[in-house]
Asker: 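Here it is: the structure, laid out below.
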Amino acid sequence: MFTKFWPKVRPFDKPIVVVGGGAGGLELVTKLGRYFKGSAQKVILIDQNRKHVWKPLLHEVAAGSLDADIDGVDYLSHASKNSFTFLLGQVDDLNQDLKQVSIQQLNDLKGKKVVGETRVAYSILVFALGSVTNDFGTKGVKENCIFLDTCENAEQFHTDLLNAFLRIQTNPNISKLNIAIIGGGATGVELAAELVKTSELLISYGYDHVSQKRLNINLVEASNRILGPLPEHVANSALAELKILGINVHVNTVVTEVTNSYLQTKDGAQMESQLTVWAAGIKAPTFLQGIGGLESAKNNQLVVNTFLQTTEDENIFAIGDCAACITPKGIKVPPRAQSAHQMADNALLNIIAISLKKPLKEYEYIDYGSIVSLSSYTSVGNLMGSMNKRTMFIEGRLARIVYIALYRMHQVALFGFFKTFLIMLVGRLNRTLRPNLKLH
């Protein structure tokens, strides 16, 4: 579609480097690779993981309803098909003068060096690192909680979950499995519902001692309601469904300490927990704070202008959760997948515009609403009207369709319409051939 408007491809003298293969970063590098295909321009993606899973679905990986080995995107394979280069590693430094980023030494699990520290030159650099969990310095969180920041985190929780259910199945002396989810945002709410579904599915696979009565899920939120960024009627609808599922929702409850067996709250109460997930806040990765002399916000986000360029260097962009962006209308862009998708498209246009010495386009955030999926039970959310700016509350099957459509849009950006259709077709076949739950 871009060659229609810019028929000439003018490469830069050095590579275009995108750091971070999340929703926005992978879409951006995929479209850049396609646009510059056949030219001398090199496009590079750097990520510390080998595969991509759409972050809003990590709670499904954790619960076992999504198999990352099947539904994930292998960076190396995707790069070869879309004319860009993938480098495995973690960026830890930036030199603006030399126009280089540094990648840490890569070690294996035994600490043996695989690849030494390397430096990668760039003409245009894009940070698309997304966000990580913010524990706010709460005592014991790092040691005793699982964060759903990466696919590896989610898969580790799934393994721990299966082991916990196996203990219940084989040990009659264990009366209950206590799971605590700290944070009543979309991740926490969706994970809680998925865990109930997991317990139901396990019964059909022979775990007859596993029942909802032996599963005690506590969803803990520090503010006065769950799903704070969403309209109150959406939150109330989700709350009602969580109660039907038997999930204990605790609002106005601040966690001050986490141990390997319980949570300590500010009011002095203790809450038992054998598995604890912290989903209470997010921030940009710590190493971004002031990296290479760039301006950054308190939560480590890189401050960008309305063109998504960093304020200290017009050749460096930031998109997605790691960008502190205020639009021309004064809107602070929220950390959502739809924001990352929109920013990726805007950055693409501006990078091509720079190469062709054309005017840049200001980024304008468009809020299409939010959907929260409560597993297969129901979905709730609101859609934002583009013309009159009014919102429409939706729930049930319609909301579920919209929720899935958001993921399909991401797949279309990566694979195109035909391949996405084939993925959907294979998915339907797999639901017949494969177990409904990942059991390993």
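Position 1 is the first residue of the sequence; numbering continues from there. Quick caveat: nothing in here was measured; it's all calculated off a predicted structure.
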Asker: Applying ring-ring contact (aromatic ring centres under 6.0 Å, His included), name anything that partners Phe86, two or more places apart in sequence or on another chain.
Answerer: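 Counting only residues at least two positions away or on another chain, Phe86 forms a ring-ring contact (aromatic ring centres under 6.0 Å, His included) with Tyr75.
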
Asker: In Å and rounded to the nearest 0.5 Å, what is the CG to CG distance from Asp71 to Leu57?
Answerer: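 With rounding to 0.5 Å, CG (Asp71) is 8.5 Å from CG (Leu57).
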
Asker: What's the separation between atom OG in Ser83 and atom CZ in Phe36, rounded to the nearest 0.5 Å?
Answerer: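 If we round to the nearest 0.5 Å, Ser83:OG and Phe36:CZ are 12.0 Å apart.
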
Asker: For side chain to side chain contact (heavy atoms under 4.5 Å, CB included), just list the numbers for Arg50 and Leu88, CA-CA rounded to whole Å, side-chain angles, deciding distance to a tenth of an Å, and then say yes or no.
Answerer: CA-CA 7 Å; Arg50 298 179 186 271; Leu88 179 66; 3.4 Å; yes

Asker: Tell me whether Asn430 contacts the main-chain N or O of Arg434 through its side chain, where contact means a donor paired with an acceptor under 3.5 Å.
Answerer: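 Here the side-chain-to-backbone pair does not exist.
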
Asker: Would Lys283 and Ser131 count as a side-chain hydrogen bond (donor to acceptor under 3.5 Å, both in side chains) if you check the C-alpha gap in whole Å, the side-chain angles of each, and the deciding distance to 0.1 Å?
Answerer: CA-CA 5 Å; Lys283 62 181 181 180; Ser131 57; over 6 Å; no

Asker: Once side chain to side chain contact (heavy atoms under 4.5 Å, CB included) is applied, do any residues pair with Pro334, and if so which ones, sequence neighbours excluded?
Answerer: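 Per chain and number, Pro334 pairs via side chain to side chain contact (heavy atoms under 4.5 Å, CB included) with Arg336, Ser339, Tyr365.
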
Asker: Mind running side chain to side chain contact (heavy atoms under 4.5 Å, CB included) on Ile16 and Phe84 for me, showing each step along the way?
Answerer: CA-CA 10 Å; Ile16 300 171; Phe84 67 90; over 6 Å; no

Asker: Please round to the nearest 0.5 Å and tell me the distance separating atom CD1 of Ile44 and atom CG of Leu32.
Answerer: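 The CD1 atom of Ile44 sits 12.0 Å away from the CG atom of Leu32.
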
Asker: For residues 136-145, which residue pairs qualify under side-chain hydrogen bond (donor to acceptor under 3.5 Å, both in side chains), counting only residues two or more places apart or in two chains?
Answerer: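 For residues 136-145: none.
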
Asker: Any luck finding a side-chain donor-acceptor pair between Ser273 and Thr276 under 3.5 Å?
Answerer: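 Side chains of Ser273 and Thr276: pair found under 3.5 Å.
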
Asker: Evaluate salt bridge (charged side-chain N to carboxylate O under 4.0 Å, His left out) for Lys113 paired with Asp108, printing each intermediate quantity in order.
Answerer: CA-CA 6 Å; Lys113 183 174 76 172; Asp108 61 19; over 6 Å; no

Asker: Is the shortest side-chain heavy-atom distance between Ile394 and Asn382 below 4.5 Å?
Answerer: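 They are not in contact (no side-chain heavy atoms under 4.5 Å apart), so the answer is no.
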
Asker: Check the surroundings of atom CZ in Phe136: do more than 12 heavy atoms from other residues, nucleotides or ligands lie under 6.0 Å from it?
Answerer: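 Yes, the 6.0 Å shell around CZ holds more than 12 heavy atoms from other groups.
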
Asker: Mind listing the side-chain donor-acceptor pairs of residues 58-66 below 3.5 Å, one per line with the distance, residues two or more places apart or on another chain?
Answerer:
{"unit_1": "His59", "atom_1": "ND1", "unit_2": "Pro56", "atom_2": "O", "d": "3.0"}
{"unit_1": "Ser65", "atom_1": "OG", "unit_2": "Glu60", "atom_2": "O", "d": "3.3"}
{"unit_1": "Ser65", "atom_1": "OG", "unit_2": "Glu194", "atom_2": "OE1", "d": "3.1"}

Asker: What I want to check is whether the side chains of Glu241 and Thr378 have a donor and an acceptor closer together than 3.5 Å.
Answerer: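 The answer is no; no qualifying pair exists.
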
Asker: Report the residues that fulfil side chain to side chain contact (heavy atoms under 4.5 Å, CB included) with Thr259, sequence neighbours left out, ordered by chain and then residue number.
Answerer: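 Partners of Thr259 under the side chain to side chain contact (heavy atoms under 4.5 Å, CB included) test: Glu257, Ser261, Tyr262.
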
Asker: Keeping the roles fixed (side chain from Thr253, backbone from Val251), state whether a donor-acceptor pair exists under 3.5 Å.
Answerer: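 At least one qualifying donor-acceptor pair exists.
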
Asker: With the side chain counted from C-beta on, respond yes when Leu94 and Tyr122 share a heavy-atom pair under 4.5 Å apart, and no when they do not.
Answerer: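 Of all side-chain heavy-atom pairs linking Tyr122 with Leu94, at least one is under 4.5 Å.
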
Asker: Do Leu26 and Leu414 have side chains that approach each other closer than 4.5 Å (heavy atoms only, starting at C-beta)?
Answerer: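 The answer is yes, as the side chains (C-beta and beyond) meet within the 4.5 Å cut-off.
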
Asker: Let me confirm one number: the CD1-SG distance from Ile282 to Cys322, rounded to the nearest 0.5 Å.
Answerer: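 Rounded to the nearest 0.5 Å, the CD1-SG separation comes to 11.0 Å.
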
Asker: How about Arg408: does its CZ atom have over 12 heavy atoms from other parts shown lying under 6.0 Å from it?
Answerer: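 Yes - once you tally the heavy atoms of other residues, nucleotides and ligands closer than 6.0 Å, there are more than 12.
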
Asker: Judged by modelled atom types alone, do Gln264 and Gln270 share a side-chain donor-acceptor pair under 3.5 Å?
Answerer: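 Yes, Gln270 and Gln264 have a side-chain donor paired with an acceptor closer than 3.5 Å.
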
Asker: When you measure from the side chain of Asp135 to the backbone of Val141, do you find a donor-acceptor pair of N or O atoms at a distance under 3.5 Å?
Answerer: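 Such a contact is absent between Asp135 side chain and Val141 backbone.
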
Asker: Are Asn299 and Asn134 linked by a side-chain donor-acceptor pair shorter than 3.5 Å?
Answerer: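 Asn299 vs Asn134: no donor-acceptor pair found between side chains.
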
Asker: Under 3.5 Å, is there a donor on one side chain and an acceptor on the other for Glu27 and His341?
Answerer: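 A pair is found: one side chain offers a donor N or O, the other an acceptor, under 3.5 Å apart.
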
Asker: Taking only residues at least two apart or on different chains, which pairs with a member in residues 150-159 satisfy salt bridge (charged side-chain N to carboxylate O under 4.0 Å, His left out)?
Answerer: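 Listed by first then second residue: Lys51-Glu155.
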
Asker: Would you confirm whether Gln104, through its side chain, and Gln90, through its main-chain N or O, come within 3.5 Å as a donor-acceptor pair?
Answerer: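 Not confirmed, Gln104 side chain does not pair with Gln90 backbone.
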
Asker: Got a donor-acceptor contact below 3.5 angstrom from the Thr327 side chain to the Ile331 backbone?
Answerer: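 Yes, the answer is positive, given that a donor and an acceptor are paired below the 3.5 Å cut-off.
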
Asker: Mind checking whether Thr118 and Val115 have side chains closer than 4.5 Å, heavy atoms only?
Answerer: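 Answer yes - side chains close enough.
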
Asker: Determine the interplanar angle of the His52 and His410 rings, folded into 0 to 90°, and report it as parallel if under 30°, tilted if 30 to 60°, perpendicular if over 60°.
Answerer: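 Aromatic pair His52/His410 classed tilted.
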
Asker: Output the distance between atom CZ (Phe147) and atom CH2 (Trp278), rounded to the nearest 0.5 Å.
Answerer: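 Going from CZ on Phe147 over to CH2 on Trp278, the span is 8.0 Å.
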
Asker: For residues Ser175 and Arg214, is any side-chain donor paired with an opposing acceptor at under 3.5 Å?
Answerer: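 Result is no, nothing qualifies.
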
Asker: Side chains of Asn82 and Thr30: do they bring a donor and an acceptor to under 3.5 Å?
Answerer: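 Side-chain D/A pair, Asn82 to Thr30: absent.
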
Asker: Check whether the side chains of Asp93 and Ser102 place a donor and an acceptor atom closer than 3.5 Å, and report yes or no.
Answerer: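 No, Ser102 and Asp93 have no side-chain donor paired with an acceptor closer than 3.5 Å.
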
Asker: Ignoring hydrogens and geometry, is there a side-chain-to-backbone donor-acceptor pair from Ser77 to Asp74 under 3.5 Å?
Answerer: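 Pair absent, no side-chain N/O of Ser77 close to backbone of Asp74.
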
Asker: Please walk me through it: do Leu162 and Thr159 pass side chain to side chain contact (heavy atoms under 4.5 Å, CB included)?
Answerer: CA-CA 5 Å; Leu162 290 178; Thr159 299; 6.0 Å; no

Asker: Using only atom types and a distance under 3.5 Å, with no angle test, would you say the side chain of Gln342 pairs donor to acceptor with the backbone of Ile366?
Answerer: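 Yes; at least one donor-acceptor contact below 3.5 Å.
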
Asker: Is the shortest heavy-atom distance from the side chain of Phe127 to the side chain of Val17 under 4.5 Å?
Answerer: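 Side-chain contact under 4.5 Å: no.
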
Asker: Is there a donor-acceptor pair closer than 3.5 Å between any side-chain N or O of Asn95 and the backbone N or O of Gln100?
Answerer: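 Not confirmed, Asn95 side chain does not pair with Gln100 backbone.
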
Asker: Looking only at the side chains, is there a donor atom on one of Asn178 and Asn216 sitting less than 3.5 Å from an acceptor on the other?
Answerer: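 Distance-only check passes for Asn178 and Asn216.
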
Asker: Give a yes or no answer on whether the side chain of Asn300 reaches the backbone of Ala284 with a donor-acceptor pair at less than 3.5 Å.
Answerer: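 It does hold such a pair.
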
Asker: Below 4.5 Å, heavy atoms only, C-beta onward: do Ile371 and Val380 meet side chain to side chain?
Answerer: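 Ile371 vs Val380: side chains apart.
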
Asker: Within this structure, what is the CD-CG distance for the pair Gln274 and Leu161, rounded to the nearest 0.5 Å?
Answerer: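 Rounded to the nearest 0.5 Å, the CD-CG separation comes to 12.0 Å.
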
Asker: Indicate yes or no for a side-chain donor-acceptor contact from Arg225 to the backbone of Gly228 under 3.5 Å, with no hydrogens or angles considered.
Answerer: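 Here the side-chain-to-backbone pair exists.
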
